[in-house]
Amino acid sequence: MTKSADIILYDLPSRHRGEDHLSSFSFNPWRTRLVLNYKQIPYQTEWTEYPDLAPKLRSLGVPTNEPGTAFADYSSPTVRLTDGTMVMNSINIVSALERQCPEPTLHLDAELHGPITEAVEGLLWVIWWDALASIPRGVLTEKSASYFAEGRAAYFGTSLDNLAATRGGEKAWEAAAAPGGPADKLKDVLTKHRRDEGPFALGSQVSYGDFVAVGLFECVERCHMESYERLMGLNDTFKTLHEACRPWLARDD
Ligand SMILES: N[C@@H](CCC(=O)N[C@@H](CS)C(=O)NCC(=O)O)C(=O)O
């Protein structure tokens with residue numbers, strides 16, 4: 001294995017900030033990028049279009065994802081550590097980075113990322129449809145757009161526009177806001193473990209679980225502003241947490 005000075009992050013490019021400024025958008029890669037930015041670990045981004053992920057990562061010797069753990073056999077985020085080791089899947093990556101660079105810690109031992117991931121995914125699959133439909137149009141480069149639209153349509157059995165029409169809009173936001181529903185569940189898990197005052201799930205200390213939630217907030221903001229405003233409107237905790245993490249969202253490329 002060849003050593004390299006910096007970690008390499010294989011991330012999916014967005015053109016939503018302009019064709020000449022490719023930037024990160026997708027919620028899973030954002031989890032890893034937040035960790036790298038927070039820990040101030042030197043890294044380079046290798047933009048990898050959706051159709052290029054599998055051939056590139058396969059050629060680098062990465063074993064495929066365990067069935068059911070990702071959208072495809074090969075996924076972003078994947079990183080190449082400085083010793084040449086390739087690590088795929090955001091939870092494996094944060095575990096490796098915590099071992100390699102323990103300070104400042106992201107408190108994986110508090111084990112909040114599991115319940116927060118569950119609550120984030122519970123909310124995501126209610127509110128995601130309008131943002132999802134906008135991704136091939138306003139976010140992805142031409143190379144990824146048709147791959148993404150066709151792949152997701154095959155997976156869901158219908159077009160992204162039809163998903164937005166049937167599952168998106170007002171009824172999605174009503175379902176998200178129902179008492180005891182997905183937004184309440186996420187708010188609960190983001191607040192009930194606080195050890196002291198502060199915007200984070202642990203209170204004043206940021207932990208990896210916060211980055212799981214903020215990955216979603218940042219992704220929705222970058223894909224579909226109207227959905228982002230509605231998402232933030234579901235609970236004040238969400239906006240407070242997102243704003244508290246802005247320093248680690250600044251580097252997006
Ligand atoms: N559980 C994985 C999920 C990764 C995942 O599914 N990433 C998506 C992008 S957000 C992906 O790379 N999809 C590839 C594809 O759809 O072909 C993780 O946390 O890293």
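Atoms within each ligand, like the ligands themselves, are counted from 1 in listed order.
Side-chain contact check for L190 versus N235: every heavy-atom pair is 4.5 Å or farther apart. Side chains of N65 and D73 form no contact here, defined as non-hydrogen atoms less than 4.5 Å apart. With a 4.5 Å cut-off on side-chain heavy atoms, E49 and P13 count as touching. The shortest side-chain heavy-atom distance between Y43 and V79 does not fall under the 4.5 Å cut-off.
Each salt bridge (Lys or Arg N to Asp or Glu O under 4.0 Å) pair with one or both residues in residues 28-47, not counting sequence neighbours, appears once here: D11-R33, K39-E98, E46-K56.
Note: an N/O pair closer than 3.5 Å links S76 and ligand 1 by distance alone. Considering backbone and side-chain atoms alike, S75 places every N or O at 3.5 Å or more from each N or O of ligand 1. For ligand 1, the polar-atom distance check against Y147 finds a nitrogen or oxygen pair separated by under 3.5 Å. For ligand 1, the polar-atom distance check finds an N/O of F71 within less than 3.5 Å of one of the ligand's N/O atoms. Ligand 1 has no nitrogen or oxygen under 3.5 angstrom from a nitrogen or oxygen of Y74.
The protein non-hydrogen atom at the shortest distance from atom 10 (S) of ligand 1 is S26 OG, 2.7 Å. Shortest contact from atom 3 (C) of ligand 1 to any protein heavy atom: N28 ND2, 3.6 Å. When only non-hydrogen protein atoms are considered, atom 18 (C) of ligand 1 lies nearest to N89 OD1, 3.2 Å. Scanning the protein for heavy atoms near atom 19 (O) of ligand 1, the closest one is S90 OG, 2.5 Å.
Formation of a donor-acceptor pair under 3.5 Å by the N37 side chain with backbone atoms of R251 is found in this model.
When each atom of ligand 1 is checked for a heavy atom of R152 under 4.0 Å away, the hits are 16 (O). Residue P77 has at least one heavy-atom neighbour below 4.0 Å for each of these atoms of ligand 1: 20 (O). Atoms of ligand 1 found under 4.0 Å from any heavy atom of L12 (numbered from 1 in listed order, with element): 9 (C). Residue-ligand proximity, T69 to ligand 1, at heavy-atom distances under 4.0 Å covers atoms 1 (N), 2 (C), 3 (C). Below 4.0 Å from some heavy atom of L53 lie the following atoms of ligand 1, by number and element: 12 (O), 14 (C).
Applying salt bridge (Lys or Arg N to Asp or Glu O under 4.0 Å) to E221 and the options R17, R246, K239 leaves one that passes, R246.
You'll find the ring centres of H242 and Y228 inside the 6.0 Å limit.
Residue F27 places every heavy atom at 4.0 Å or more from ligand 1.
In terms of the side-chain contact (heavy atoms from CB on, under 4.5 Å) criterion, D188 has no residue partners (sequence neighbours excluded).
Crowding of D236 atom CG: a count of heavy atoms from other residues, nucleotides or ligands under 6.0 Å not exceeding 12.
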